[in-house]
Amino acid sequence: MQLYSTNDPTLRTDFKTAIFKGLPDDNGLYMPVDIPALPQSFLENLPNFSFQDIAKTISRHLLHDSIDPTDINAIIEQALYFPAPVVSIDPDTYALELFHGPSLAFKDFGARFMAATMSHFNQKENQNLVILVATSGDTGGAVAAGFFQIPGIEVVILYPSGKVSPLQEKQLTTLGHNIAALEINGTFDDCQALVKKAFLDREVTNNIRLSSANSINISRLIPQTFYYFEAYKQVHHLHRPVVFAVPSGNFGNLTAGLFAQRMGLPIHHFIAATNQNDVVPAYLQNGTYTPRPSTRTLSNAMDVGNPSNFARMLDLYSSTWNNMKENITGFAFSDEETAAIMQSVKKDNNYLLDPHGAVGYLAWKAWKEKDDTNSIGIILETAHPAKFLEDVERIIGTKIEIPQRLADLQHQTKTSVPMDNEYQDFKTWLMNNY
């Protein structure tokens with residue numbers, strides 16, 4: 001796989017270099033030079049393949065010149081041992097449950113694939129690799145679980161103080177060993193800005209081997225394409241157009257869906273669903289992109305005011321607004337609307353949405369009102385409701401069952417490093433610790 005920068009189409013970088021650098025030197029994002037179409041025979045026979053078979057096939061087509069097929073198979077088997085089931089909510093609406101991995105969030109797919117891939121490439125390196133990751137909630141827990149105790153790799157997680165749920169915070173701050181958590185006095189955007197500045201600081205990068213585990217890293221997006229194919233496989237027998245409603249923050253998940261579509265998956269339409277941090281839905285409506293500081297909401301993993309992957313979305317559509325809005329419709333919803341739909345879906349359909357999936361559900365229903373194609377909607381249920389325990393129980397008015405691996409965290413001790421959102425403080429800490 002050869003890649004270029006969204007800021008410099010003439011740049012060429014191999015896959016190994018791209019995943020370890022995280023960002024090009026020009027502060028763009030890496031994009032594949034070629035997104036190959038998968039064989040028609042593969043697409044027609046999706047129902048006959050296991051999830052791992054699908055992942056292996058996609059990976060071999062994308063990475064055939066970067067990783068030996070035998071090693072690709074081993075990476076997939078190590079990373080993806082949990083399912084991505086599609087569950088019916090009503091005859092037109094389905095939930096793609098992406099919370100059956102170790103951290104109970106969709107980020108497990110990307111984090112575990114990245115960890116296994118980096119471990120594969122890192123075997124011959126003498127200097128430790130330091131992974132920097134900013135999180136608004138779920139990314140940090142998935143990265144912590146995926147990279148925990150992997151030899152030769154250290155992980156530094158930056159999260160906004162007081163802006164992740166208590167159980168999410170425990171996932172970031174209780175593992176220890178090679179996982180360090182920095183509790184930043186600021187927003188997710190502040191955390192993300194600190195990470196980006198570190199990658200562009202030559203004094204830091206000349207002394208520390210840095211990489212990123214956010215969705216700015218191309219190796220996060222590749223495995224996120226897998227479950228679009230897996231979802232389509234599970235509704236293939238319905239013979240109806242398929243629309244994906246994607247709860248969106250940094251827009252890596254939706255970008256991965258666009259990759260899947262470019263590879264030949266017949267996705268009818270995408271819905272970009274956000275909370276009140278609606279810079280992308282606003283762009284889709286009026287053609288103007290106006291990033292701004294993020295606002296805290298119930299669906300905290302989507303509290304992003306300047307989504308990194310928007311640069312990749314623009315690149316895929318050659319910065320042409322008309323083309324993008326033909327394929328993607330954006331909607332934004334308030335916390336009040338989110339809470340109300342969680343209550344009604346639990347009552348009427350006996351399905352418990354988490355706050356992010358609830359935003360996706362609202363967006364799908366809003367789009368469906370104007371749809372005349374007999375389509376079905378697949379909502380990406382990105383995290384287990386128990387990860388937002390206090391809010392979910394307050395909203396639905398009853399206790400919910402907590403998966404054991406989350407319940408165990410409640411009694412563990414948090415260990416974090418409080419820090420202001422000044423870059424020099426972060427840089428000094430990095431240089432002193434690594």
Side-chain angles (χ1 to χ4, degrees), residues 18-23 29-30 79 101-103 105-119 122 128-150 152-161 163-164 168-184 186-201 204-205 208-221 223-224 249-253 300-304 307-309 383 415-417 419 421 423 426-427 429-430 433-434:
I19 67 168
F20 281 124
K21 285 192 70 171
L23 283 175
L29 294 178
Y30 285 117
S103 78
F106 81 94
K107 308 290 179 74
D108 284 320
F109 295 92
R112 295 190 64 80
F113 178 88
M114 175 188 288
T117 303
M118 285 185 167
S119 179
N122 203 49
N128 276 4
L129 180 70
V130 178
I131 304 287
L132 301 183
V133 57
T135 185
S136 56
D138 288 327
T139 295
V143 170
F147 283 90
F148 183 57
Q149 293 187 321
I150 287 187
I153 298 181
E154 304 285 339
V155 177
V156 180
I157 301 170
L158 292 79
Y159 73 98
S161 180
K163 297 180 176 66
V164 302
Q168 284 177 320
E169 186 175 39
K170 287 293 183 75
Q171 288 184 313
L172 314 177
T173 61
T174 58
L175 287 176
H177 295 281
N178 63 326
I179 311 296
L182 304 187
E183 186 175 354
I184 304 299
T187 66
F188 168 77
D189 296 302
D190 294 322
C191 298
Q192 186 162 254
L194 292 174
V195 169
K196 287 186 173 182
K197 285 181 180 179
F199 279 104
L200 299 174
D201 188 327
V204 173
T205 57
I208 305 172
R209 283 184 67 218
L210 288 184
S211 189
S212 169
N214 281 94
S215 56
I216 58 176
N217 194 307
I218 191 66
S219 68
R220 272 277 305 277
L221 296 189
Q224 290 177 242
N250 225 6
F251 279 80
N253 225 348
N300 66 289
M302 295 153 57
D303 293 348
V304 182
S308 287
N309 282 286
T415 302
S416 66
V417 179
M419 188 175 293
N421 60 4
Y423 175 67
F426 176 50
K427 177 178 178 177
W429 185 89
L430 272 181
N433 283 274
Y434 300 104

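Because the structure is a prediction, the values reported are computed rather than measured.
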Are any non-hydrogen side-chain atoms of [X] and [Y] less than 4.5 angstrom apart?
{"X": "Lys21", "Y": "Tyr30", "answer": "yes"}
{"X": "Phe199", "Y": "Leu210", "answer": "yes"}
{"X": "Met114", "Y": "Asn217", "answer": "yes"}

List the residues meeting side chain to side chain donor-acceptor pair (under 3.5 Å) with Asn300, not counting sequence neighbours, and say none if there are none.
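For Asn300 the side chain to side chain donor-acceptor pair (under 3.5 Å) partners, ignoring immediate neighbours, are Gln168.
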Return yes if some donor-acceptor pair links the side-chain N/O of Ser211 with the main-chain N/O of Ile19 below 3.5 Å, else return no.
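Answer holds: yes.
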Any sub-3.5 Å donor-acceptor pair from Asn250's side-chain atoms to Val304's backbone N or O?
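Side chain of Asn250 to backbone of Val304, a donor-acceptor pair under 3.5 Å: no, none is there.
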Considering only distance and modelled atom types, tabulate donor-acceptor pairs under 3.5 Å from the side chains of residues 152-161, sequence neighbours left out.
unit_1, atom_1, unit_2, atom_2, d
Tyr159, OH, Glu169, OE2, 2.7
Tyr159, OH, Glu183, OE1, 3.3
Ser161, OG, Glu183, OE2, 2.8

Check ion pair Lys427-Asp201 (N to O, under 4.0 angstrom):
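Salt bridge flag = yes for Asp201 with Lys427.
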Side-chain donor-acceptor contact under 3.5 Å, Thr135 with Lys107
no
Could you check whether Asn309 and Arg220, counting side-chain N and O atoms only, form a donor-acceptor pair closer than 3.5 Å?
no
Gap separating the OG atom of Ser219 from the CD atom of Gln224, nearest 0.5 angstrom:
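Between atom OG of Ser219 and atom CD of Gln224 there are 10.0 Å.
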Test of understanding: with ring-ring contact (aromatic ring centres under 6.0 Å, His included), list the residues that count as partners of Tyr423, not counting sequence neighbours.
none
Which of these passes side-chain hydrogen bond (donor to acceptor under 3.5 Å, both in side chains) with Asn421: Thr187, Asp190, Asp189?
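Result for side-chain hydrogen bond (donor to acceptor under 3.5 Å, both in side chains) with Asn421: Asp190.
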